Student: 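There's a structure below that I have some questions on.
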Amino acid sequence: MSLQKEIIARFGVKPSIDPAEEVRRRVDFLKEHVRKANADGLIIAISGGIDSAVTTGLCKRATDELTAETGREYKTVGVFQPYGVQEDIEDSYSVARHFGLKYTVETNIEDAVNEIALEVEYALKSIGVNRHLSIPGKGNIKARTRMVMQYALAFELNLLVVGTDHASEALTGFFTKWGDGAVDITPLSSLNKRQIRQIAAYLGVPRPILEKAPTAGLWVGQTDEGELGISYEDNSDYLEGREVAPEVREKLEQLYRKTEHKRAPIPGI
């Protein structure tokens, strides 16, 4: 079996999807896990990008159906998490409005991130490393600080933390260990970026979000495709079992091998 086929089988990506069928399957998946956990709903960080928009739509359908079926309220809580001023934060709010979220909160991470970065620089200085934190290093702190805040809210409200991890990210390891520091449930994990776009169109995600360049929002001007040097079209083609240019295949498989530690369980002895 080729490495491409092994990867496709590992992530469970289909060569094509029926958006309506996938929405139904993933909403049922979310409902099942809310029930199993005896949770009161779901919490999702809404970045203003397409992945979190689709995930928000799935979560809201799941909790609305649970509420209707049981007669008691299940919540989908949307969290907006800017670092200081986020120029496109209106996109996050537009997603919440589009899907009719009743509960939203904003947790600005700037002060917390800057304090953590400062403490790390003091620690580096104590061992003779006199420099500021790297841009990617601070980006990593941003991602993990966002997760700390989501879990703090989830604990107080008895919610499951929903991740937006998907197969196109998993292929390249374009996330910190286990997503942005682990989540409770990942309803997009067997979809590639193209398929997420298809579901977004089916759910009626606002057009400005459909047309945005994908970004993790970790520093000004950062885009996924620019940082990786691979388009999501090529990434999705690979995951659907299609032929891609030899140099694209080589780069994708090199990234996959290099980032295995991010996908693997924490090793023990």
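What you see is a predicted model, and the numbers here were worked out from it, not measured in a lab.
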Student: Would you mind reporting whether Arg249 and Leu252 have side-chain heavy atoms less than 4.5 Å apart?
Tutor: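 The answer is no, as the side chains (C-beta and beyond) never meet within the 4.5 Å cut-off.
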Student: Taking 4.0 angstrom as the limit, do Lys193 and Glu169 come out as a salt bridge?
Tutor: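 Looking at Glu169 together with Lys193, the answer is no, because their closest N to O distance does not fall below 4.0 Å.
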Student: Dump the intermediate steps for salt bridge (charged side-chain N to carboxylate O under 4.0 Å, His left out) on Glu22 and Lys14, then the final yes or no.
Tutor: CA-CA 11 Å; Glu22 292 299 326; Lys14 297 177 181 178; 2.6 Å; yes
Student: Distance from Gln195 atom CD to Ile17 atom CD1, nearest 0.5 Å?
Tutor: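 One gets 4.5 Å once the value is rounded to the nearest 0.5 Å.
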Student: Once ring pair (Phe, Tyr, Trp, His ring centres under 6.0 Å) is applied, what residue pairs with a partner in residues 50-80 remain, sequence neighbours excluded?
Tutor: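 Non-adjacent pairs meeting ring pair (Phe, Tyr, Trp, His ring centres under 6.0 Å): Phe80-Tyr93.
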Student: Among the clusters formed by ILVMFWY side chains lying less than 4.5 Å apart, do Leu255 and Phe11 turn up in the same one?
Tutor: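 Yes, because Leu255 and Phe11 connect within a single hydrophobic cluster, where side-chain heavy atoms sit under 4.5 Å apart.
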Student: Is there a donor-acceptor contact under 3.5 Å linking the side chains of Tyr256 and Arg10?
Tutor: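 The answer is yes; a qualifying pair exists.
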Student: Side chains of Ser52 and Ser47: donor-acceptor distance under 3.5 Å anywhere?
Tutor: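 A donor-acceptor contact under 3.5 Å links the two side chains.
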Student: Taking atom CD of Glu87 as the centre, does the number of heavy atoms from other residues, nucleotides or ligands within less than 6.0 Å exceed 12?
Tutor: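 At most 12 heavy atoms, drawn from other residues, nucleotides or ligands, come within 6.0 Å of this atom.
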Student: Test Leu188 against every option in Ile199, Leu58, Asp165 by the side-chain contact (heavy atoms from CB on, under 4.5 Å) rule and name the one that passes.
Tutor: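 Result: among Ile199, Leu58, Asp165, Leu58 is the only option passing the side-chain contact (heavy atoms from CB on, under 4.5 Å) with Leu188.
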Student: Check Arg242 with Glu233, please: is the shortest side-chain N to carboxylate O separation under 4.0 Å?
Tutor: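 A salt bridge is absent here (no side-chain N lies under 4.0 Å from a carboxylate O).
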Student: Is Val113 close to Glu110 at the side-chain level, that is, under 4.5 Å between some pair of heavy atoms?
Tutor: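 With C-beta onward as the side chain, the pair stays apart.
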Student: Kindly give the heavy-atom pair with the smallest separation between Lys31 and Leu66, and that separation in Å.
Tutor: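 Heavy atoms only, the tightest pair is CG-CG, 3.8 Å.
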Student: When you compare the side chains of Arg26 and Thr55, does any donor N or O come within less than 3.5 Å of an acceptor on the partner?
Tutor: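 Side chains of Arg26 and Thr55: no pair found under 3.5 Å.
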Student: Would you find more than 12 non-hydrogen atoms of other residues, nucleotides or ligands less than 6.0 Å from Glu106 atom CD?
Tutor: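 Enclosed: over 12 neighbouring heavy atoms sit under 6.0 Å from CD of Glu106.
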Student: Starting at CG of Leu159, measure out to CG of Leu42 and round the result to the nearest 0.5 Å.
Tutor: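 So the gap between those two atoms works out to 7.0 Å.
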Student: Could you verify whether a donor N or O on one side chain and an acceptor N or O on the other, from Asp51 and His166, lie under 3.5 Å apart?
Tutor: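 Short answer, yes.
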Student: To the nearest 0.5 Å, what is the distance between CG on Asp184 and CD1 on Ile43?
Tutor: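 Those atoms lie 10.5 Å apart.
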Student: Consider only side-chain N and O atoms of Tyr83 and Asp111, and report whether a donor and an acceptor are under 3.5 Å apart.
Tutor: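 There is no such pair between these side chains.
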Student: Are the side chains of Lys102 and Glu73 in contact, using a 4.5 Å heavy-atom criterion?
Tutor: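 Of all side-chain heavy-atom pairs linking Lys102 with Glu73, at least one is under 4.5 Å.
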Student: Answer yes if the side chains of Asn235 and Ser168 hold a donor-acceptor pair under 3.5 Å, and no otherwise.
Tutor: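 Note: Asn235 and Ser168 side chains meet the donor-acceptor criterion.
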Student: Would you kindly say whether Asp237 and Tyr232 are connected by a side-chain donor-acceptor distance under 3.5 Å?
Tutor: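 Asp237 vs Tyr232: no donor-acceptor pair found between side chains.
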Student: Thinking salt bridges, do Arg35 and Glu32 make one under a 4.0 Å N-O criterion?
Tutor: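 No, no charged N to carboxylate O under 4.0 Å.
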Student: Ignoring hydrogens and angles, state whether a donor on the side chain of Gln150 or Gln81 is under 3.5 Å from an acceptor on the partner side chain.
Tutor: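 A pair is found: one side chain offers a donor N or O, the other an acceptor, under 3.5 Å apart.
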Student: Write out all pairs satisfying ring pair (Phe, Tyr, Trp, His ring centres under 6.0 Å) with one or both partners inside residues 109-149, taking only residues at least two apart or from two chains.
Tutor: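 Residue pairs with at least one partner in residues 109-149: there are none.
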Student: I want to check something: taking the side chain as every heavy atom from C-beta on, are Val13 and Leu191 in contact at a cut-off of under 4.5 Å?
Tutor: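 In short, these two side chains do not touch, never coming nearer than 4.5 Å.
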Student: Are more than 12 heavy atoms, taken from residues, nucleotides or ligands other than Arg207, located less than 6.0 Å from that residue's CZ atom?
Tutor: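 Counting neighbours around CZ of Arg207, 12 or fewer heavy atoms of other residues, nucleotides or ligands fall under 6.0 Å, so no.
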Student: State, yes or no, whether a side-chain contact exists between Lys75 and Leu157 at a heavy-atom distance under 4.5 Å.
Tutor: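 SC-SC contact between Lys75 and Leu157 ruled out.
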Student: With respect to Glu260, which candidate in Arg257, Lys258, Arg263, Lys262 satisfies the side-chain contact (heavy atoms from CB on, under 4.5 Å) definition?
Tutor: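 Only one option passes, and that is Arg263.
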Student: Looking only at heavy atoms, what is the nearest atom pair of Ala201 and Leu210, with distance?
Tutor: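 Reported closest heavy-atom pair: N-CD2, 4.3 Å.
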Student: Considering only heavy atoms from C-beta outward, does the side chain of Arg144 approach that of Val148 to under 4.5 Å?
Tutor: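 No; the side chains remain at least 4.5 Å from each other.
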Student: Can you name the closest pair of heavy atoms from Ala39 and Leu160 and give their distance?
Tutor: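 Distance-wise, the nearest heavy atoms are CB-CG, 4.1 Å.
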Student: Cluster question for you: counting only ILVMFWY and a side-chain heavy-atom cut-off of under 4.5 Å, with indirect links fine, are Tyr151 and Leu153 together?
Tutor: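 Both belong to a single hydrophobic cluster.
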Student: So with a 6.0 Å cut-off around CD of Glu69, is the heavy-atom count from everything else above 12?
Tutor: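 Yes - once you tally the heavy atoms of other residues, nucleotides and ligands closer than 6.0 Å, there are more than 12.
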Student: Any heavy-atom pair between the side chains of Phe99 and Val205 that's under 4.5 Å?
Tutor: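 They are in contact (side-chain heavy atoms under 4.5 Å apart), so the answer is yes.
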Student: With a 4.5 Å heavy-atom cut-off, do Asn130 and Glu121 have their side chains touching?
Tutor: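 Asn130 does not reach Glu121 side chain to side chain.
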